[in-house]
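Just so it is clear: chains get the letters A, B, ... in the order the sequence lines come, proteins before strands, and each one is counted from 1. These numbers come from a predicted model, not from an experiment.
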There are 2 protein chains.
Amino acid sequence: MANAKEVTIYDIAKRLNISATTVSRGLQDHPTISGKTKKKIADLAEQMGYRSNHFARSLRNQKTNTIGIIVPRLNSHFMSSVIAGIEEAANEQGYSLLIAQSSESSVKEAASARTMFDSRVDGLLVSLAFDTPDLGHFSHFFKKDIPVIFFDRVMEHENSTNILIDNRQAAFNATRHLIEQGCRRIVHITAPTLRNVYKDRLKGYKEALSQYKIKFREDHVIITDLSQEAGAEAAKTILKMKPLPEGVFAANDSCAVGCMLALKERGIRIPEDIAFVGFNNDPVTGVIDPHLTTISYRGYEIGQVAARHLISYLSGTSHVSSTNTIILRSELIVRASSLKKAGNK
Amino acid sequence: MANAKEVTIYDIAKRLNISATTVSRGLQDHPTISGKTKKKIADLAEQMGYRSNHFARSLRNQKTNTIGIIVPRLNSHFMSSVIAGIEEAANEQGYSLLIAQSSESSVKEAASARTMFDSRVDGLLVSLAFDTPDLGHFSHFFKKDIPVIFFDRVMEHENSTNILIDNRQAAFNATRHLIEQGCRRIVHITAPTLRNVYKDRLKGYKEALSQYKIKFREDHVIITDLSQEAGAEAAKTILKMKPLPEGVFAANDSCAVGCMLALKERGIRIPEDIAFVGFNNDPVTGVIDPHLTTISYRGYEIGQVAARHLISYLSGTSHVSSTNTIILRSELIVRASSLKKAGNK
DNA sequence: TTCAAAATTGCAACCGATTGTGTAATTTAT
DNA sequence: ATAAATTACACAATCGGTTGCAATTTTGAA
């Protein structure tokens with residue numbers, strides 16, 4: 001495999017009867033090399049099809065121009081948007097991306113972190129798995145002062161920055177909206193609340209209830225894996241409740257959609273019988289009938305912000321420990337699925 | 001940035017009073033190193049937190065254990081599924097992923113190819129941009145015998161393998177299905193037919209018409225960028241047709257959905273007035289009302305197959321030039337959006 | 001013409017790991 | 001007990017590029 005001669009700066013040097021040093025400097029536009037020589041080097045390099053060896057350079061410079069990304073899943077609308085955003089921002093600055101998915105397993109997450117470390121990524125962007133209990137598997141990075149930025153699914157750590165939305169506030173707004181629509185019995189479908197995003201959304205949900213003097217009921221919280229199928233499952237649980245709840249606030253859209261479809265099949269009317277609010281503003285929210293009220297939360301932007309911050313740390317513009325948390329805007333988008341009162345909002 | 005001592009095999013060697021050679025071999029489980037020594041090395045390496053330097057190794061071995069991926073967009077359901085599949089297969093075999101998106105621009109595609117080449121990826125997995133005219137920007141790879149595998153959006157080349165579905169056949173089946181449902185005037189919404197996928201789907205569409213003695217009409221083909229918005233635009237064009245078409249075959253689901261939603265808003269009934277078939281089996285097909293008939297086309301599997309083949313080339317199991325094309329299964333999934341005749345199929 | 005200052009370029013060590021070849025130590029066979 | 005065969009480890013070169021410092025050449029003013 002992979003034969004055919006590799007063109008190196010030594011080959012160029014030999015052909016030009018100069019030293020590899022000069023070639024190296026010429027290629028980097030170093031000021032101590034004369035214009036004529038630079039031109040000769042550049043021309044021959046082009047002609048010979050020279051391509052710099054990233055590894056040799058990384059080895060010497062201790063800098064790889066590569067950013068590692070670890071996410072729970074690659075194939076969700078939100079995550080792929082984030083990654084697209086990261087890719088754009090990183091590419092602009094000449095960084096490459098090394099990507100791995102943890103598949104929601106903290107074990108795989110740790111393994112990926114090791115691989116990334118071995119690959120000497122300059123920095124790491126991470127969204128944690130459902131069950132990651134602590135940040136022990138990133139300690140190598142912290143020790144070596146390699147910046148690690150967490151986004152969306154985060155965890156507090158003195159040496160790293162978190163980028164996310166105000167999940168508590170967003171959930172508060174979502175729940176309040178349902179209450180304002182006349183709902184009193186509101187079910188919350190979410191994931192295990194170990195992860196900040198779900199814990200905070202639950203908190204916001206509770207706070208809204210409390211503010212409107214509605215008693216929180218443990219059995220109104222349904223814990224799932226938030227898949228569409230899980231939403232259909234949750235529908236069964238909901239159908240057994242007597243009386244039926246008047247509203248459902250789901251911690252993501254696909255789960256909300258799964259639940260809505262299952263309920264509709266059983267003849268439940270949405271929003272008349274049960275109003276729905278989701279989370280994420282996935283494309284599917286504008287397709288389902290009725291369109292789903294949700295929290296808009298632009299993944300692409302989060303990705304860009306995360307990448308830009310990481311790169312600004314790397315170029316020494318700012319330091320990781322100086323920024324603790326970055327909160328991005330989120331917004332409640334009201335659609336038909338939650339409008340019990342015509343003309344409201 | 002990134003200070004703190006780096007632990008190398010030399011540090012381990014010094015502490016153990018042996019040579020770096022022995023440490024290196026011990027870590028690789030080389031047979032000429034005694035069990036005792038290996039144990040000592042492994043223990044100390046663990047204790048000192050030694051992590052192999054990927055670059056030094058790559059530089060020496062001329063092998064990076066990294067696969068490059070270039071796709072038009074990361075944030076589509078299909079592509080992120082493919083990538084998830086690639087990630088799984090690659091990770092199993094100890095390969096890392098370097099990922100870039102071309103944003104449908106052949107210029108960015110070429111730039112990414114250069115970066116990948118500089119990073120000395122062991123192989124490349126590519127899905128081409130809309131407008132890529134030829135494979136010139138991959139010539140470096142071909143010259144050096146670095147395997148390049150194209151998937152989905154492919155182009156013929158003697159030195160590379162293509163992995164895709166039989167788009168012509170799938171489109172033929174989709175169109176025939178519409179015809180069997182009683183449609184005669186069938187609109188085809190697609191993208192510029194420079195790319196194989198769209199060219200072949202158009203061909204299948206034409207063949208089905210021809211087989212049923214339906215005259216092909218140029219004005220029944222609508223060229224778009226296949227976004228959901230483009231689907232809504234296409235709906236306007238369709239509404240101007242007199243008489244209205246009886247069926248629409250769209251080259252992807254999101255475009256079909258955009259079109260359906262826009263038509264429904266104008267009071268068109270689906271499938272009674274116009275039947276719909278999409279392509280891809282995106283999650284949204286099971287959400288829209290009525291559920292969308294489509295071609296199922298498992299991205300995850302394509303990713304796995306592509307990665308496994310690439311890796312088998314890399315490990316010398318097979319050679320690129322021996323396999324030309326791999327066709328994966330696709331399947332027409334009939335749902336309510338196309339069922340004009342009750343009880344059919 | 002002369003010599004120091006400025007402009008160019010080269011030498012050689014280094015980044016961390018791998019490996020062909022050689023040598024010393026130990027074991028086996030006779 | 002001694003030659004022969006293993007076993008266990010080390011030397012030194014190598015992968016391709018970078019960089020501090022020395023060396024050489026050019027320039028220019030005296």
Review point. Ser58(A) near the nucleic acid: base, sugar-phosphate alone, or nothing, with a heavy-atom cut-off under 4.0 Å?
Key: nothing
Check your understanding: OP1 or OP2 of dC9(D) sitting under 4.0 Å from any side-chain N/O of Thr21(B)?
Key -> no
Study note, to complete from the structure: One would report the end-axis bend of the helix from dT1(C)-dA30(D) to dT30(C)-dA1(D), five pairs per end and rounded to 10 degrees, as 50°
Under 3.5 Å, which protein N or O atoms sit close to an N or O of nucleotides 5-7 of chain C? Give each pair with its distance.
none

**Study point:** Gap between atoms NZ and C1', on Lys63(B) and dT18(C) respectively (whole Å)
**Key:** 15 Å
Practice item. Pick base, sugar-phosphate or nothing for Tyr10(A), based on heavy-atom distances below 4.0 Å to the nucleic acid. Key: base
Check your understanding: Under the 3.5 Å rule, do the base of dT8(C) and the side chain of Thr37(A) count as making a donor-acceptor pair?
Key -> no
Please list every donor-acceptor pair under 3.5 Å in which a side-chain atom of residues 40-50 of chain B meets a protein atom from a residue at least two apart or in another chain.
from	atom 1	to	atom 2	distance (Å)
Asp43(B)	OD1	Lys39(B)	NZ	3.2
Asp43(B)	OD2	Lys39(B)	NZ	2.7

For nucleotides 22-27 of chain D, which of its nitrogen or oxygen atoms have a protein nitrogen or oxygen under 3.5 Å away, and what is each distance?
none

Review point. Under 4.0 Å: is that the gap between some side-chain N or O of Gln62(B) and OP1 or OP2 of dT18(C)?
Key: no
Practice item. For Lys14(A) and dG10(C), give me the distance from atom NZ to atom P, rounded to whole Å. Key: 15 Å
Practice item. Nearest-nucleotide wise, let me know which of Arg60(B) and Val23(A) is further upstream toward the 5' end of DNA chain C. Key: Val23(A)
Practice item. Using whole Å, report how far CG of Leu27(B) lies from P of dT19(C). Key: 13 Å
Exercise for review: Assign Ile18(B) to base, sugar-phosphate, or nothing according to its heavy-atom contacts below 4.0 angstrom with the strands shown.
Suggested key: sugar-phosphate
Check your understanding: With Ser105(A), which residues qualify under side-chain contact (heavy atoms from CB on, under 4.5 Å), at least two apart?
Key -> Val107(A), Lys108(A)
**Study point:** Length of the CD1-C1' vector between Ile9(B) and dC15(C), whole Å
**Key:** 12 Å
Check your understanding: Nearest-Å distance, CG (Asp118(A)) to P (dG16(C))?
Key -> 14 Å
Check your understanding: Considering only heavy atoms and no angle criterion, is a donor-acceptor pair shorter than 3.5 Å present between the side chain of Thr8(B) and the base of dA17(C)?
Key -> no
Check your understanding: Got a sec, which residues hit salt bridge (Lys or Arg N to Asp or Glu O under 4.0 Å) with Asp29(B), two or more places apart in sequence or on another chain?
Key -> Lys38(B)
Check your understanding: Looking at dG10(C), does its base get a donor-acceptor pair with the side chain of Arg25(A) below 3.5 Å?
Key -> yes
